[in-house]
Structure formats: C-alpha cells, structure tokens
Amino acid sequence: MPPAENATETANALFFTHAGLDAARTARLVEDTLKGCDDGELFLEYVQSESLSFDDGKLKSAAFDTTQGFGLRAVSGETTGYAHASALDEGALKRAASTVKAVRSGRGGQAVEAPRGTNARLYAPDNPIDGVAFERKVALLRDVDAYVRAKEPRARQVSVSLAASWQVVQILRPGGWSAADIRPLVRLNVSVVCGEGARQESGGTGRGGRTAYGAIFDPAHWRAEADEAIRQATVNLESVAAPAGEMPVVLGPGWSGVLWHEAVGHGLEGDFHRKKTSMFASLMGQQIASPGVTVIDDGTISDRRGSLTIDDEGTPTSRTVLIEDGKLVGLMQDRMNARLMGVRPTGNGRRQSHAHAPMPRMTNTMMLGGTHDPAEILGSVKRGLYARNFGGGQVDIVSGKFVFSCTEAYMIENGRLGAPVKGATLIGAGAEALKRVGMIGNDMSLDPGIGTCGKDGQSVPVGVGQPTLRIDSLTVGGTAT
C-alpha cells in the first residue's frame with residue numbers, strides 16, 4: 001500500500017491528470033520495458049523550490065523554480081540502463097524505454113520482490129512555498145538583519161537566507177506496484193561578520209527540517225539562530241592562534257557528528273563494501289571501534305532533514321544499526337547492492353533528482369550516547385582541544401582519511417575550557433579515530449537540520465548527530481608559532 005493516501009492522490013493529479021500521461025499506458029510501458037530484468041522502476045518527480053537571500057540590508061536575490069521529469073531504470077546483474085527527461089509525455093517515455101531495454105539483451109533475469117508498503121508518515125504534506133506570502137518572507141529576513149545590527153554594534157555584515165522545496169514523487173514497478181511521497185524541506189541560515197579594529201571574524205548557523213515554515217517565523221526561533229551566529233562571531237574575535245600536534249580532542253554534541261558521517265559513514269554504504277573499496281570491507285562482525293561506540297543510520301525520525309517515508313526506490317526507510325558496542329554489524333543498502341550481496345535493502349536508495357540513478361546513501365547518521373557527564377569528559381583532559389563547530393572538510397572515502405576545519409574551538413587546560421582558538425584543523429583517519437574514542441557523553445543530540453551530503457556528483461539532504469565525546473589522540477593542525 002502507498003505510504004499516505006493523499007500522496008498518491010496528489011501524485012496522480014500531477015502526473016496523470018495535469019501532465020497528460022495515461023495511467024494504463026504508462027503501467028504497460030513499465031511492464032514491457034522491465035520484463036526480464038532483475039530490477040528497475042519509473043521514477044516520476046515534481047518539485048517547487050524557492051530561495052531568498054538578504055545581504056547588506058537589502059534583498060539581494062529571490063528565485064522560484066518548478067521542475068518535473070522522470071527517470072526510467074532497468075537493472076540486469078550489475079548493469080544499469082538509465083534514461084531521464086524533463087518532459088512528462090508518452091513520447092519521451094517511449095524513447096527512454098527503447099534506451100534502457102538494451103541492458104536485458106542476451107539474458108533473462110528474475111525480478112526481485114517489490115518493496116513492502118508502509119502506512120508511516122514522517123512529515124506533513126503541506127507546501128511551505130504556497131503557505132506563506134512572499135512579502136512576509138522578505139519581512140522575516142529584514143527583521144533578522146535589523147535584530148542582529150541592533151543587538152551587536154560590531155556587526156559589519158549580516159547575511160540571511162531562506163530556502164524551501166516541495167517535492168512529489170511517484171515510483172512505478174511491474175505488476176501494478178506503485179508508491180508516492182510528498183516531501184517538504186525548509187531551511188533558515190544566518191551569517192554574521194563582526195569587526196573590531198582591523199580584525200574581522202564570522203559566525204553562522206542555520207535550522208531546518210521536513211516541515212512547512214511554521215516555527216521559523218516565530219521570533220523566539222529566529223532570534224535564537226541570530227543570537228547563536230552573533231555568539232560565534234564574537235567568540236572568534238577573541239580567538240588566538242591554534243597550537244599544532246598530537247593531543248586529546250573533545251568533540252561537542254550535535255553537528256560534530258559530521259566528522260563521523262564523512263570519515264566513517266560512507267565506508268558503511270553497501271556499494272563500497274560490495275566493490276571491496278571500503279576500509280571496512282571484510283570486517284563484518286569484527287571490532288572496529290572502541291567498546292561503547294554505537295553508530296546508527298535512522299531515516300524514520302519525524303520531520304528531520306535526512307528522513308524519508310520511503311526512499312527513492314520505494315523502500316520504507318529504517319533504523320539500521322551499523323556499529324554496535326564497537327563491532328561492525330550492518331550496512332546501508334539500496335536494492336541493487338542488497339540483491340547482489342544477498343541481503344535486504346535498508347531504505348537507503350537515494351537520488352538527487354529524476355536525472356540521477358539511485359545509490360546507497362545516508363539519511364540521519366549518528367553515534368548514540370554513553371554514560372559520562374560532559375563536564376566529566378572535559379575534566380579528564382589536562383591539555384587538549386575542544387571542537388564545538390565545524391566548517392568544510394576533505395575526506396578520502398576509500399581510506400577514510402580526513403581533514404576538517406573547526407569554525408569554533410577552544411583550548412582545554414587542566415580540565416577547563418581555555419581561550420578560543422582560530423585555524424584549528426583535525427587530521428586523521430576514521431578507522432583509527434573510532435578506536436581512540438575514550439569517553440562518550442550522555443548528551444546525544446542531532447544537528448539543527450543543515451546537512452547536505454555529496455557523493456558521485458549527487459547531493460542529498462542528511463542529518464548527523466553525536467554526544468560529547470573524547471578522542472584520546474588526534475592530530476591537530478594549527479597556526480601558532
């Protein structure tokens with residue numbers, strides 16, 4: 001059964017009424033195209049998106065876009081035929097079908113079981129773009145700008161942006177199987193540059209999720225984001241050059257989980273394991289992390305940025321335990337890699353749009369909490385680094401080696417937070433860092449809803465999370481002389 005009745009009704013209206021596709025002929029085309037294949041689907045997509053940015057006290061840009069299209073995939077063995085178009089008409093579908101049929105030539109496959117249905121609904125179907133007048137959105141950005149400038153006289157630049165999308169998807173398979181989903185997504189970002197004399201430093205934050213705008217327009221909500229951006233900028237104004245060398249590193253809760261997402265999470269996606277290119281390949285059931293380390297991927301958390309009622313192949317998302325008490329116990333799987341590895345898909349088949357084929361991707365990936373009080377963890381470090389917020393980073397997915405820049409970090413001296421530092425980078429490898437986790441806090445939290453993950457040229461929204469934790473030894477790159 002479909003995940004929500006209104007999702008199917010909305011999808012049918014968009015694709016088979018307004019777009020002019022004939023439902024019966026489309027179903028027959030899918031049946032004929034995928035006959036003899038191991039797997040495949042027709043992915044139909046309609047997206048409305050908008051973005052507004054406010055900078056230097058004025059509205060700098062406002063964009064609205066509507067896109068639609070389909071992707072038709074046929075899979076035989078490890079071979080995939082994929083064709084897509086932005087035209088939702090029968091002629092384009094037939095041309096796509098003639099292209100992808102080539103993958104089945106010379107062999108006959110046995111179609112794998114279609115995804116099981118779900119009645120779960122992880123987010124409301126409301127369209128955030130249509131729900132709020134344009135003038136009110138501009139007024140919100142203006143209010144945030146005015147609030148920051150009035151509260152912090154050292155603010156030299158204030159940038160505020162608002163973005164939303166409303167995506168409707170429908171997935172059709174042979175045998176009359178279909179599923180549909182309606183996916184809202186919103187995000188508010190605030191960036192502040194503060195100056196004192198010749199010195200300038202920045203701070204930034206954001207918040208979002210799979211909801212309508214809703215709470216974003218609540219002054220208590222956006223003021224909290226503005227206050228956080230101001231706090232980060234003013235803290236960085238007081239920062240000193242970061243030291244360099246091997247030392248204990250304490251990671252703050254929430255957004256710091258992006259380090260594990262990049263340095264470990266990709267290595268636990270099914271395609272890298274099947275191809276033996278993951279640093280964790282052939283280690284299933286073995287101890288790959290310190291005892292107490294449990295990492296999960298959970299796409300079923302209501303309203304979260306990385307959550308999906310169904311993935312982009314129609315499989316309901318799930319809570320997948322990847323590492324349990326330090327042992328590797330699970331992987332994230334799409335349908336093709338699950339079939340080739342002889343396991344069940346986990347609902348991690350994701351794609352950026354109808355123009356892209358699905359692959360195993362993370363949803364909300366997090367390290368679960370432990371038993372230690374965060375103050376106890378901090379107190380256990382005589383001299384080290386406390387990393388609270390991260391910026392950009394580089395990761396080699398195959399080896400797990402990473403370099404992450406800290407946008408907010410502090411020295412730890414005799415168990416207490418010392419001076420904020422600037423220019424700190426964390427350098428290491430995910431497999432080694434996992435084994436050096438010495439203490440895990442009881443304050444696990446998720447990021448505020450700002451994550452985007454890139455893989456093979458595709459970007460998808462994701463979530464991360466973790467508690468406060470101590471890595472006993474990590475290389476810190478700094479600028480102190």
Salt bridge or not between D312 and R183? Use side-chain N to carboxylate O under 4.0 Å.
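Looking at D312 and R183, the cut-off is met.
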Ion pair check, E50 and K137, cut-off under 4.0 Å:
yes
[X] side chain to [Y] side chain, donor-acceptor N/O pair below 3.5 angstrom:
X    : Y    : result
T407 : N389 : no
S307 : N364 : yes
E246 : T475 : yes
T211 : D303 : no

Has the side chain of [X] got a donor or acceptor atom that lies under 3.5 Å from a matching backbone atom of [Y]?
X    : Y    : answer
E152 : R231 : no
T317 : L308 : yes
D447 : V464 : yes
E376 : L378 : no
D325 : G292 : yes

Result for side-chain hydrogen bond (donor to acceptor under 3.5 Å, both in side chains) between N348 and one of N337, D297, D334, D311 points to D297
Candidate list R361, K455, H266, Q333, test side-chain hydrogen bond (donor to acceptor under 3.5 Å, both in side chains), partner D271, passing option:
K455
For the NZ atom on K275, are there more than 12 heavy atoms of other groups (residues, nucleotides or ligands in this structure) within a distance under 6.0 Å?
no
Check this for me: Q394, atom CD, are more than 12 non-hydrogen atoms of other residues, nucleotides or ligands nearer than 6.0 Å?
no
For the residue pair H84 and H354, categorise the inter-ring angle as parallel (less than 30°), tilted (30 to 60°) or perpendicular (more than 60°).
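Because their plane-to-plane angle is over 60°, the rings of H84 and H354 count as perpendicular.
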What orientation do F217 and Y213 show, parallel under 30°, tilted 30 to 60°, or perpendicular over 60°?
perpendicular
Once you round to the nearest 0.5 Å, how far does [atom1] of [X] lie from [atom2] of [Y]?
X    : Y    : atom1 : atom2 : result
I296 : L368 : CD1   : CG    : 4.5 Å
L188 : S161 : CG    : OG    : 7.0 Å
L259 : L474 : CG    : CG    : 7.5 Å
T234 : E196 : OG1   : CD    : 10.0 Å

Partner of I230 by side chain to side chain contact (heavy atoms under 4.5 Å, CB included), out of T205, V158, V148, V235
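Of T205, V158, V148, V235, side chain to side chain contact (heavy atoms under 4.5 Å, CB included) with I230 is met by V148 alone.
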Check residues 412-419 and write down every donor-acceptor pair under 3.5 Å in which the side-chain atom is one partner and the other belongs to a residue at least two apart or another chain.
none

Grab the two heavy atoms, one from L331 and one from T346, that are nearest each other, plus how far apart they are.
O-CG2, 3.7 Å
Which atoms form the tightest heavy-atom contact between V395 and F402, and what is the distance?
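Smallest heavy-atom distance, with atoms named: CG2-CB, 3.9 Å.
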Residues 429-439 side chain polar contacts: donor-acceptor under 3.5 Å, at least two apart:
from, atom 1, to, atom 2, distance (Å)
R436, NH1, S473, O, 3.1

Ring pair (Phe, Tyr, Trp, His ring centres under 6.0 Å) pairs touching residues 220-255, sequence neighbours excluded, are Y147-W222
